[in-house]
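Notes follow once the structure below has been shown.
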Amino acid sequence: MEFNFITVAFIVFSLITLGGAIGVVTCINLFRGTIWLMVSLFGVAGLMVLLSAEFLAAVQVLVYIGAIAILFTFAVMLTRSITSDKMRFTRVWVNVISAGILFVLFALGVIYPVWVANAATHFPVTDAGLATTTDLGVALVSGSQFVLPFEVAGLLLTAAMIGAIVIARDADDEGN
Amino acid sequence: MPPAVPTEFFVMLSMILFALGAMGVLLRKNAILVFMSVELMLNSANLALAAFARQWNEMDGHIFVFFVMTVAAAEVAIGLALIVAIFRHKQSINIDDLHQLEG
């Protein structure tokens, strides 16, 4: 991997993503945790641009940073759950080692198939000829492709919104 | 146009992000932070899907990421509503306090 603009952008966005993730996992103040989550999600949006998925990058910013992270901020404020210094982590070493083992298993599962077993059939990627946002939009509404999953997703979102209102409503308000 | 970043690097990054998210789920005591770590894991899966979509020049990966984002939005709405309801009921969202279903 030689040194050029795209490489630099990849490294910068990777560091943003991983730094944000580390901030989420280790933060003391819960509100700062939501800010770190936004940083990490922004890094992923940048990486989506590098992957020539501009539409997904825009959706990432709108849905994840614009909606989900804001919902988290509201939840943090509604529950007054800014955590104290004690009661922060459970069984630190056991869990860190478990996550480490998980990572090693992932690494083995990726490195062996990619660099050992299938090294001969490896071919370089190009950004040419990738699907554009127009193709994505056509695929989502054309009858022969993904229109049914698209409608089901709409139904799911509606049901989830109604369910969230029902769950979060105060039981004392029932009579009003 | 300089050559694109190889897919392997995106997969490695996705792996590290997933392991960090899993560590957050295991490690944190606050239900909201556990939830945020789940979001990190979902994002790492999205990243890997988008990287593979580019590798194979297929659109299906992008479609899948789109639906994962939809489900994640629904899941967050429901999950945070549940957390707020639990907090109202128990005045705590420490996951060690939520053990009514323990056998």
Side-chain angles (χ1 to χ4, degrees), chain A residues 4-7 10 14 17-18 21 24-25 30 33 37 40-41 44 47-48 50-53 56 59 63 67-68 71-72 75-76 78-79 81 83 87-90 95-96 98-99 102-103 106-107 110 114 125-127 129-131 135-136 139 146 149 153 156-157 160-161 163-164 167-168, chain B residues 1-13 15-24 26-30 32-33 35-37 39-40 43 46-47 50-51 53-55 57 59 62-63 65-67 69-74 76-78 80-85 87-88 93-94 96:
Chain A
N4 56 43
F5 173 70
I6 288 190
T7 313
F10 175 76
S14 304
T17 307
L18 294 180
V24 170
V25 175
L30 205 51
L37 182 70
S40 185
L41 297 176
V44 174
L47 291 167
M48 290 285 190
L50 284 185
L51 285 167
S52 309
L56 292 180
V59 172
V63 173
I68 290 180
L71 264 182
F72 273 115
V76 169
L78 280 175
T79 54
S81 53
T83 45
M87 309 292 290
R88 201 151 43 113
F89 301 117
T90 49
N95 289 327
V96 169
S98 324
L102 181 70
F103 175 72
F106 276 142
V110 168
V114 170
V125 287
T126 58
D127 286 334
L130 269 177
D135 297 335
L136 202 63
F146 298 100
L156 172 78
L157 275 177
M161 292 311 132
I167 291 170
Chain B
M1 186 70 187
V5 180
T7 305
E8 292 89 336
F9 288 86
F10 282 99
V11 178
M12 299 279 263
L13 177 68
M15 258 159 42
I16 300 172
L17 195 58
F18 192 92
L20 273 173
M23 195 163 88
L26 292 171
L27 205 58
R28 300 311 300 252
K29 287 193 169 187
N30 191 300
I32 292 181
L33 269 165
F35 215 2
M36 285 188 207
S37 304
E39 290 305 312
L40 287 180
N43 258 281
N46 280 351
L47 197 59
R54 186 189 61 162
Q55 172 80 39
N57 238 330
M59 198 176 40
H62 290 184
I63 300 274
V65 172
F66 183 75
F67 286 117
M69 282 177 178
T70 312
V71 174
V76 164
I78 294 288
L80 290 179
L82 279 174
I83 288 176
V84 170
F87 178 78
R88 194 179 288 142
I93 53 168
N94 186 335
D96 291 340

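Each chain gets a letter, A, B and so on, in the order the sequences are listed, and its residues count up from 1.
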>> What part of B:Leu80 gets within 4.5 angstrom of chain A, counting heavy atoms only: side chain, backbone, both, or neither?
In response: side chain
> What part of B:Phe67 gets closer than 4.5 Å to chain A, counting heavy atoms only: side chain, backbone, both or neither?
Replying inline: side chain
Any side-chain heavy-atom pair of [X] and [Y] under 4.5 Å:
| X | Y | answer |
| --- | --- | --- |
| B:Asn46 | A:Met48 | yes |
| B:Met23 | A:Asn95 | no |
| B:Leu40 | A:Ser40 | yes |
| B:Leu47 | A:Leu51 | yes |
| A:Val96 | B:Leu26 | no |
| A:Val24 | B:Leu20 | no |

When heavy-atom pairs shorter than 4.5 Å are enumerated against chain B, which of [options] gives the highest number?
| options | answer |
| --- | --- |
| A:Ile68, A:Val110, A:Val44 | A:Ile68 |
| A:Pro149, A:Ala139, A:Gly163 | A:Pro149 |
| A:Val63, A:Val59, A:Leu37 | A:Leu37 |

Interatomic spacing from [atom1] in [X] to [atom2] in [Y] - rounded to 0.5 Å:
| X | Y | atom1 | atom2 | result |
| --- | --- | --- | --- | --- |
| A:Leu30 | B:Leu33 | CG | CG | 4.5 Å |
| B:Glu39 | A:Leu41 | CD | CG | 7.5 Å |
| B:Ile63 | A:Leu136 | CD1 | CG | 4.5 Å |

What are the two closest non-hydrogen atoms of [X] and [Y], and how far apart are they?
| X | Y | result |
| --- | --- | --- |
| A:Ala160 | B:Ile78 | O-CD1, 3.3 Å |
| B:His62 | A:Ser52 | CE1-O, 4.2 Å |
| A:Ala168 | B:Ala81 | CB-CB, 3.9 Å |

Residue [X] versus chain B: region with a heavy atom under 4.5 Å:
| X | answer |
| --- | --- |
| A:Leu56 | both |
| A:Leu102 | side chain |
| A:Ser14 | both |
| A:Ala67 | neither |

> Quick check: are there more than 12 heavy atoms from other residues, nucleotides or ligands sitting under 6.0 Å from CE of B:Met12?
Replying inline: no
>> Please enumerate all residues that pass ring pair (Phe, Tyr, Trp, His ring centres under 6.0 Å) together with A:Phe146, with sequence neighbours excluded.
In response: none
> Between the main-chain N or O of A:Val25 and the side-chain N or O of B:Arg28, is there a donor-acceptor pair closer than 3.5 Å?
Replying inline: yes
> How far apart are the C-alpha atoms of A:Leu50 and B:Phe10, what are their side-chain angles, what is the distance that settles it, and do they pass the side chain to side chain contact (heavy atoms under 4.5 Å, CB included) test?
Replying inline: CA-CA 10 Å; A:Leu50 284 185; B:Phe10 282 99; 4.2 Å; yes
>> So, using side chain to side chain donor-acceptor pair (under 3.5 Å) as the criterion, who are the partners of B:Thr7 when residues are at least two apart?
In response: B:Gln55
>> Quick check on the 6.0 Å ring-centre criterion: do B:Phe18 and A:Phe103 meet it?
In response: no
